Amino acid sequence: MSARYQVAGTTAAEISASIESGIRSAALAPGDVLPPVRELAARLAVSPATAARAYQELRQRGLVVTAGRHGTRVRPRPPVASRRSALRPPTAPGLRDLSRGEPDVRLLPPLGAHLAGLAAAAGEPVGYPAAGVLPELAEAARERLAADGVPATELTVTGGALDGIERLLGAHLRPGDAVAVEDPGWANLLDLVAALGLRPIGVPVDDDGPLVAGVGAALAAGARALIVTSRAQNPTGAAVSAERAGELRALLAGRSDLLLIEDDHAAELARVPLHPLAGATPAWAFVRSVSKPFGPDLRLAVLVGDETTVARVAGRARVGAGWVSTVLQRLVLALWRDPAVAGLVDRAAGSYERRRTGLIDALAGHGLVAHGRSGINVWLPVDDETSVLTALRDAGWAVAPGALHRIAGPPALRITVSSLDEAEIPELAEAVARAVRPTPTPGFTA
Ligand SMILES: Cc1ncc(COP(=O)(O)O)c(C=O)c1O
């Protein structure tokens, strides 16, 4: 813990507020260790039960994490705005940044012409009564999903995939409930699970999706929800194969105690077929975001599922944010309907595929086994994340530590290939190989 930050307070609420304020002001940084309960209690002259309650409250809100003998620490990205511009350390200037997990904005469809088209066709301003899910968008989404074998009778629209997942978890689960998530998995989802006070149970993943035995173990451990990334799994690039989908469907069949959530975030970019689990359980939802293929700033995802699940999400939204603006819905519809945009998305998909497979092949040439069946990331298992990350940084490359994505899985690095030039691949592969297996310094050795 930063010795300079003095936690204050005499009640659990005051103590937790003091720690939260320390996080907000950046006096307490992600990873900082808080004092053990007894030590804090003695320092503040309160009972250990009071100090423990303060930590419990912060844990339930995802601000801190307690890991056995490692004590209680500030989470890597606690859900409170900090004065720092970003909680992830900024990439040093001059580094080629492959750490971000974002699509290449140069490959996103430009919006100008469609915005102009919308402006020209705009009718009366839309008031409360006429707002909600745009029927034309719902119809187009149903067609697109039906073509992929996803039943889409019940449908709503959310502000992106994570918004949809948050609403699903909020509607079905209570703080303390367990959620089965992929391990390694999407860092933002792990942060959301913590922020909702839910308990993550990691399910190991291979190139074909979540392992059946891992899902079985999570169910046995009491998971109330399971979140599966259909394709372009972040960070490994896994895509649920036909065989794995069949096995998982058989395992999940009839589980009325489980909410099944599928996240098909790369959809049009994935270049591998969808093998959905949709409908395997009575309570299910399938979320398809437009962020990766069409642009993260559109903030729109389509969510389909069984009647109860979709009604809960839509009903909860109605008493809160309301709906996703019909202006955005019209824009997405215009993008979907434009064959030139479909061509651009397909070109982006091809480009990501070449960069990804190019890097995996180049790493294989150096004897390194990396993963990435689909999407924009390559996942490289390593023995020691920090030393490889540091050596790569010294060689001019920034990549993401696997630690952001892992619960209990082994160390690895995530390399986002979306902005990588194909011409850069040999040099990057060489740098990675050197970082993984540094050449011993000539001269005296111990
Ligand atoms: C696994 C996964 N799901 C979904 C998304 C997109 O989320 P959103 O629609 O909230 O932008 C991402 C983006 O990185 C992702 O990695």
Side-chain angles (χ1 to χ4, degrees), residues 60-62 79 128-129 131-135 137-139 141-142 144-146 150-181 186 188-201 215 218-219 222-230 249 252-265 276-291 299-326 328-329 332:
Q60 280 171 350
R61 293 178 41 227
Y128 283 97
V133 176
L134 209 63
L137 181 100
E139 196 187 324
R142 282 197 180 96
R144 294 169 86 92
L145 290 167
V150 180
T153 323
E154 306 297 328
L155 178 150
T156 191
V157 173
T158 62
L162 206 56
D163 179 49
I165 294 171
E166 173 168 9
R167 291 172 191 283
L168 287 162
L169 294 175
H172 277 76
L173 274 63
R174 292 288 159 261
D177 283 348
V179 187
V181 291
W186 183 23
N188 292 9
L189 176 65
L190 299 179
D191 291 340
L192 173 67
V193 164
L196 293 174
L198 301 170
R199 269 186 305 122
I201 301 180
V215 174
L219 293 178
R224 301 278 325 279
L226 164 68
I227 304 169
V228 175
T229 313
S230 315
R249 291 183 78 94
L252 298 173
R255 292 293 300 230
S256 53
D257 51 344
L258 184 85
L259 169 66
L260 167 65
I261 302 174
E262 281 173 285
D263 174 5
D264 188 29
H265 73 113
L277 308 177
T281 50
W284 65 275
F286 183 98
V287 189
R288 181 175 282 178
S289 165
V290 304
S291 286
R299 302 314 308 133
L300 190 143
V302 171
L303 186 154
V304 298
D306 66 283
E307 191 184 342
T308 308
T309 300
V310 175
R312 283 188 184 181
V313 171
R316 180 63 187 80
R318 210 172 297 138
V319 298
W323 67 95
V324 171
S325 168
T326 57
L328 286 179
Q329 295 188 54
V332 167

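None of the values given here were measured: they were computed from a predicted structure.
Not counting sequence neighbours, the partners of D306 by the side-chain hydrogen bond (donor to acceptor under 3.5 Å, both in side chains) test are T309. Listed by chain and number, the residues in a side-chain hydrogen bond (donor to acceptor under 3.5 Å, both in side chains) with R288 are D148, D264 (sequence neighbours excluded).
Remark: H172 NE2 to L198 CG distance equals 13.0 Å, nearest 0.5 Å. The structure places CG of D257 at 7.5 Å from CZ of R224, a figure rounded to the nearest 0.5 Å. With rounding to the nearest 0.5 angstrom, the CG atom of L196 is 11.0 Å from the CZ atom of R174. Here CZ of R316 is found 7.0 Å from CZ of R167. Values are rounded to the nearest 0.5 Å. Rounding to the nearest 0.5 Å places CG of L192 at 5.0 Å from CG of L162.
A distance-only check finds no donor-acceptor pair linking the side chain of Q60 to the backbone of G176 [under 3.5 Å]. Side chain of E262 to main chain of P276: no donor-acceptor pair is present (N/O by atom type, distance under 3.5 Å, no hydrogens or angles). Panel note: side chain R312, backbone A171; a donor-acceptor pair is recorded below 3.5 Å. In terms of modelled atom types and a separation under 3.5 Å, the side chain of R142 and the main chain of A152 share a donor-acceptor contact. Remark: side-chain polar atoms of R255 are not paired, donor with acceptor, to backbone N or O of T281 under 3.5 angstrom. Distance alone, capped at 3.5 Å, places no donor-acceptor pair between the D163 side chain and the G160 backbone.
Using a 30° and 60° split on the angle between ring planes, H265 and W186 fall in the parallel class, below 30°.
Shown are V324, V290, L134, V157; of these, the side chain to side chain contact (heavy atoms under 4.5 Å, CB included) with V332 is made only by V290.
Annotation for E154 and E307: closest pair CG-CA, 3.6 Å, computed over non-hydrogen atoms. Minimum heavy-atom separation, T326 to A131: CG2-CA, 4.4 Å. Considering every non-hydrogen atom in both L173 and A178, the closest pair reads CD2-O, 4.1 Å. Scanning both residues, L260 and A280, for their nearest heavy atoms gives CD2-CB, 4.3 Å. Pairing each heavy atom of A301 with each of A161, the nearest pair is CB-N, 3.6 Å. The two residues F286 and S230 make their nearest non-hydrogen contact at CE1-OG, 4.0 Å.
Between L252 and L226 there is a side-chain heavy-atom pair separated by less than 4.5 Å. Here the side chains of V193 and P200 are in contact, with some heavy-atom distance below 4.5 Å. In this structure the side chain of L300 reaches within 4.5 angstrom of the side chain of Q329, judged on heavy atoms. Within the 4.5 Å cutoff, the side chain of W323 has no heavy atoms near those of the T156 side chain. I227 is listed as a side-chain neighbour of L169, based on a closest heavy-atom distance under 4.5 Å. At a threshold of 4.5 Å between non-hydrogen side-chain atoms, the residues V287 and V302 do not count as touching. In this structure the side chain of L303 never reaches within 4.5 angstrom of the side chain of L155, judged on heavy atoms. A 4.5 Å side-chain heavy-atom check between I261 and V228 finds every atom pair outside the cut-off.
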